[in-house]
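None of these values were measured; they are calculated from a predicted model.
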Amino acid sequence: MTAGVPVPRIDTSKPHPARVYDWLLGGKDNYPVDQQVGETLPEESRRSAARNREFMHRASAWLARQGVDQFLDIGTGIPTEPNLHQIAQAISPSAQVVYVDNDPIVLRHAEALLISTPEGATDYIHADVRKPAEILEHARQRLDFTRPIALSLIALMHFLPDSEDPYRLTRTLVDALPPGSYLVLSHGTADQHPELKDRVEDTYKKGAIPLRMRTRAEVEPFFEGLELIDPGLVFATEWYQEGPAPEQERCGFYVGVARVP
């Protein structure tokens with residue numbers, strides 16, 4: 001199922017963040033223009049992408065164990081197993097998951113995204129985070145907005161420049177959630193490797209992909225008014241709920257899980 005504007009054709013002449021991310025994760029659903037961007041990025045970018053994905057797995061599982069059985073995942077990307085619904089439904093078989101992405105190649109994989117447990121359900125919206133009202137209108141057809149929902153914004157908001165006010169877009173989505181809901185967010189940063197910042201941003205810029213890596217102080221406002229769950233706003237390699245984090249490595253993502261009061 002899709003919502004929003006008519007689905008455009010896949011443009012293989014320009015790179016897309018979802019396909020570059022797929023390449024960084026070792027996926028096959030990308031094109032030479034995406035591969036060119038990925039190959040120009042520092043090797044650290046591949047490791048950071050993997051660590052970010054692992055954080056998503058841990059956070060989704062933790063939320064499901066807390067009884068959260070509704071997920072709204074915006075910026076889904078190309079399916080890479082295990083996907084969010086597979087993790088959540090392995091713990092809570094009746095979990096409902098709504099995926100959202102604006103890359104038409106993700107729509108081609110919608111059937112894989114929609115394979116749910118018999119007790120649960122999955123849905124897919126072709127839409128853009130820049131139009132949150134459109135996303136919320138469709139999501140309300142599947143999710144119960146009187147019960148807690150986990151809003152997942154993984155590796156997405158750093159592709160929105162300041163001029164598009166990513167904080168306001170996030171607030172619009174969070175404000176629609178009932179109390180007891182959660183925001184799960186990861187955001188690109190160069191705080192641990194400032195020497196790579198210009199190279200990474202210039203590589204994306206040459207591919208006509210805006211990239212705004214942010215400092216910790218700039219990521220904090222995404223969680224304004226929310227209750228950050230321990231260990232708080234940390235690097236992806238530091239977010240663990242069960243046992244201590246393993247030996248630390250540098251990471252290009254800040255992450256956090258926060259509760260809506």
Side-chain angles (χ1 to χ4, degrees), residues 1-4 18 21 52-103 106-107 109-129 132 134-157 169-187 222-223 226-229 236 239 241 255-260:
M1 182 182 294
T2 61
Y21 190 59
N52 177 67
R53 185 76 180 177
E54 290 162 3
F55 157 72
M56 184 277 283
H57 293 165
R58 294 194 300 273
S60 300
W62 181 81
L63 286 165
R65 286 193 290 268
Q66 305 315 299
V68 177
D69 61 359
Q70 299 190 107
F71 295 81
L72 177 58
D73 180 29
I74 304 177
T76 298
I78 296 163
T80 302
E81 291 190 350
N83 247 327
L84 192 157
H85 72 278
Q86 294 168 318
I87 292 169
Q89 291 178 346
I91 298 166
S92 176
S94 61
Q96 312 263 319
V97 180
V98 173
Y99 291 109
V100 184
D101 205 284
N102 72 343
D103 184 356
V106 180
L107 180 60
H109 294 274
E111 287 186 4
L113 287 169
L114 299 179
I115 296 175
S116 168
T117 58
E119 306 95 322
T122 60
D123 199 358
Y124 175 78
I125 310 171
H126 182 84
D128 196 298
V129 70
E134 197 173 273
I135 293 171
L136 292 168
E137 179 183 4
H138 182 87
R140 287 190 176 96
Q141 299 175 28
R142 169 64 69 186
L143 304 178
D144 179 357
F145 274 69
T146 68
R147 298 193 302 107
I149 296 169
L151 168 64
S152 179
L153 302 176
I154 299 294
L156 175 63
M157 305 314 282
L169 293 171
T170 302
R171 177 55 51 189
T172 298
L173 292 163
V174 169
D175 284 350
L177 303 177
S181 295
Y182 290 87
L183 170 64
V184 183
L185 182 141
S186 71
H187 194 292
F222 286 107
F223 297 97
L226 305 179
E227 301 169 352
L228 272 166
I229 303 300
W239 201 95
Q241 289 294 325
V255 305
V257 178
R259 185 180 182 276
V260 178

To check you understand the geometry: which heavy-atom pair defines the closest contact between Leu177 and Tyr182, and what is its length? CD1-O, 4.2 Å

Residues at least two apart in sequence or cross-chain that pass side chain to side chain donor-acceptor pair (under 3.5 Å) with Ser92, listed by chain then number, are none

Out of Ile154, Asn102, Asp101, Val129, which one pairs with Ile74 under the side-chain contact (heavy atoms from CB on, under 4.5 Å) rule? Val129

Thr122 and Ile115: which non-hydrogen atoms are nearest, and at how many Å? OG1-N, 3.9 Å

CD1 of Ile78 to CG of Leu113: how many Å apart, nearest 0.5 Å? 10.5 Å

If I take atom CD1 from residue Ile149 and atom CG from residue Leu151, how far apart are they, to the nearest 0.5 angstrom? 9.0 Å

Trace of the side-chain contact (heavy atoms from CB on, under 4.5 Å) decision for Gln241 with Arg58: CA-CA 8 Å; Gln241 289 294 325; Arg58 294 194 300 273; over 6 Å; no

For Glu227, salt bridge (charged side-chain N to carboxylate O under 4.0 Å, His left out) partners two or more places apart: Arg259

With sequence neighbours excluded, tell me which residues meet salt bridge (charged side-chain N to carboxylate O under 4.0 Å, His left out) with Asp69. Arg147

Are any side-chain N or O atoms of Gln89 and backbone N or O atoms of Thr117, one a donor and one an acceptor, separated by less than 3.5 Å? yes

Enter the distance from Ile229:CD1 to Phe223:CZ here, rounded to the nearest 0.5 Å. 10.5 Å

Considering all heavy atoms, the nearest Pro82-Arg53 contact: O-NH2, 3.4 Å

Heavy-atom closest contact (Pro148 atom, Gln70 atom, distance): O-NE2, 3.2 Å

Find out whether Leu169 and Pro132 are in side-chain contact, i.e. whether some heavy atom of one side chain is under 4.5 Å from a heavy atom of the other. yes

Output for pair (Phe222 CZ, Ser186 OG), nearest 0.5 Å, gives 10.5 Å

Could you check if a side-chain atom of Tyr124 sits within less than 4.5 angstrom of a side-chain atom of His109, using non-hydrogen atoms only? no

Closest heavy-atom contact between Ala18 and Asp103? CB-OD2, 3.8 Å

Output the distance between atom CG (Leu136) and atom CD (Gln141), rounded to the nearest 0.5 Å. 11.5 Å

CD/Glu119: more than 12 non-hydrogen atoms of other groups inside 6.0 Å: yes

Stepwise side-chain contact (heavy atoms from CB on, under 4.5 Å) test for Val260 and Leu183: CA-CA 8 Å; Val260 178; Leu183 170 64; 5.8 Å; no

Distance, nearest 0.5 Å, that separates CG of Leu72 from OG1 of Thr76: 8.5 Å

Enumerate the ring-ring contact (aromatic ring centres under 6.0 Å, His included) contacts for residues 65-89, please, sequence neighbours excluded, ordered by first and then second residue. His85-Tyr99

Would you please name every residue forming a side chain to side chain donor-acceptor pair (under 3.5 Å) with Gln86, sequence neighbours left out? Glu81

Among residues at least two apart in sequence or on other chains, which ones pass salt bridge (charged side-chain N to carboxylate O under 4.0 Å, His left out) with Asp73? none

Hey, does Val100 have a side-chain heavy atom less than 4.5 Å from the side chain of His138? no

